[in-house]
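When a ligand or atom number is given, it counts from 1 through the structure's own listing order. Predicted model, so just to flag it, every value in this text is computed and none were measured.
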Amino acid sequence: MTKTTFKPVVYFKHNCPFCLKVRLYLLEAGMMEAVEIRDFVPGSKQEEDVRAELSPHLAKVSFPAAQLEDGRYIAESDDIIAFLAAKSGRDPAGLPVLGNYIEGALKPMLNLWEENVELKAAAA
Ligand SMILES: N[C@@H](CCC(=O)N[C@@H](CS)C(=O)NCC(=O)O)C(=O)O
C-alpha cells in the first residue's frame, strides 16, 4: 500500500500584513517549495473559492490560514509559523528579516492601530 505525502497549503490575502509575516518565514527558512500557496486579491472569484473551502473547517475565517494535513485547517499566523518551524527545524527567532519585520514594522503598526481605536473612542 502506498502512502501519499500531503503538501501543506497556505492561504494568503494580498496585502495582508499577517500573511506577509508567514511569507517571510517561508522565504527566509527556504520553505517556498515545501508548501502550496493559494493567494487571492480581495473581491476576486479566487477569494470566494478560498472562503467556501475554509468556512466549513474554521470557526472564524481569517488570513493567513493553512491546511496542515489533509482536512486539518488552522488560521493564526503564529500557529502556522510554529507548525512550519517544527517541520523545517528553522527557528523563527533566528531569522533576521522576519524579526525586523515583526519588531520594526508589524508591531509598531499594530500599536498605532490600537492607539487610533482608543483615540476615536475617547473622542466619540
Ligand atoms: N491574529 C491573526 C490576525 C489575522 C487578521 O486579522 N487577518 C485579517 C487580514 S490582514 C483578516 O483575516 N481579516 C478578516 C477577513 O479578511 O475575513 C493572525 O495573526 O493570523
Side-chain angles (χ1 to χ4, degrees):
M1 195 165 76
T2 54
K3 188 174 183 291
T4 52
T5 316
F6 183 80
K7 196 172 193 177
V9 185
V10 288
Y11 305 83
F12 291 144
K13 179 176 173 175
H14 278 215
N15 302 330
C16 155
F18 303 97
C19 300
L20 177 56
K21 183 168 69 162
V22 175
R23 255 187 214 278
L24 283 176
Y25 178 81
L26 289 167
L27 278 165
E28 209 174 9
M31 286 193 80
M32 290 297 277
E33 302 302 321
V35 298
E36 180 185 331
I37 294 177
R38 290 195 203 152
D39 56 1
F40 63 86
V41 172
S44 64
K45 168 77 171 72
Q46 283 83 355
E47 174 171 17
E48 272 178 41
D49 294 346
V50 166
R51 286 186 186 277
E53 179 185 342
L54 297 180
S55 56
H57 301 280
L58 296 171
K60 183 178 183 300
V61 173
S62 68
F63 299 95
Q67 188 180 179
L68 307 179
E69 286 150 19
D70 203 4
R72 187 177 150 222
Y73 291 78
I74 61 167
E76 190 60 44
S77 57
D78 287 335
D79 295 343
I80 296 169
I81 290 174
F83 170 83
L84 296 169
K87 209 173 159 58
S88 68
R90 295 296 307 272
D91 181 359
L95 301 180
V97 176
L98 178 68
N100 270 267
Y101 171 66
I102 293 171
E103 297 302 324
L106 185 58
K107 280 191 185 168
M109 188 181 72
L110 293 174
N111 288 341
L112 285 171
W113 182 78
E114 277 172 22
E115 196 183 332
N116 192 35
V117 169
E118 284 167 15
L119 287 169
K120 278 184 177 166

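- Annotation: ligand 1 has protein neighbours K13, C16, P17, F18, R51, V61, S62, F63, P64, E76, S77, each with a heavy atom less than 4.0 angstrom from the ligand.
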(request) For D39 and R23, run salt bridge (Lys or Arg N to Asp or Glu O under 4.0 Å): C-alpha distance rounded to whole Å, both residues' side-chain angles, the deciding distance at 0.1 Å, then the answer. (result) CA-CA 11 Å; D39 56 1; R23 255 187 214 278; 2.8 Å; yes
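- Using a 4.0 Å cut-off between charged side-chain N and carboxylate O, K45 and E47 make no salt bridge.
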(message) Determine whether F40 and Y11 satisfy the following criterion, ring pair (Phe, Tyr, Trp, His ring centres under 6.0 Å), listing intermediate values before the conclusion.
(response) CA-CA 8 Å; F40 63 86; Y11 305 83; 8.9 Å; no
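- Under the 3.5 Å distance criterion, with hydrogens and angles disregarded, no donor-acceptor pair is assigned to the side chains of Y73 and S55.
- Within the hydrophobic cluster formed by Ile, Leu, Val, Met, Phe, Trp and Tyr side chains joined at under 4.5 Å, directly or through other members, V41 stands alone, with no partner residue.
- When all heavy atoms of P108 and I102 are compared, the pair lying nearest together is CD-O, 4.1 Å.
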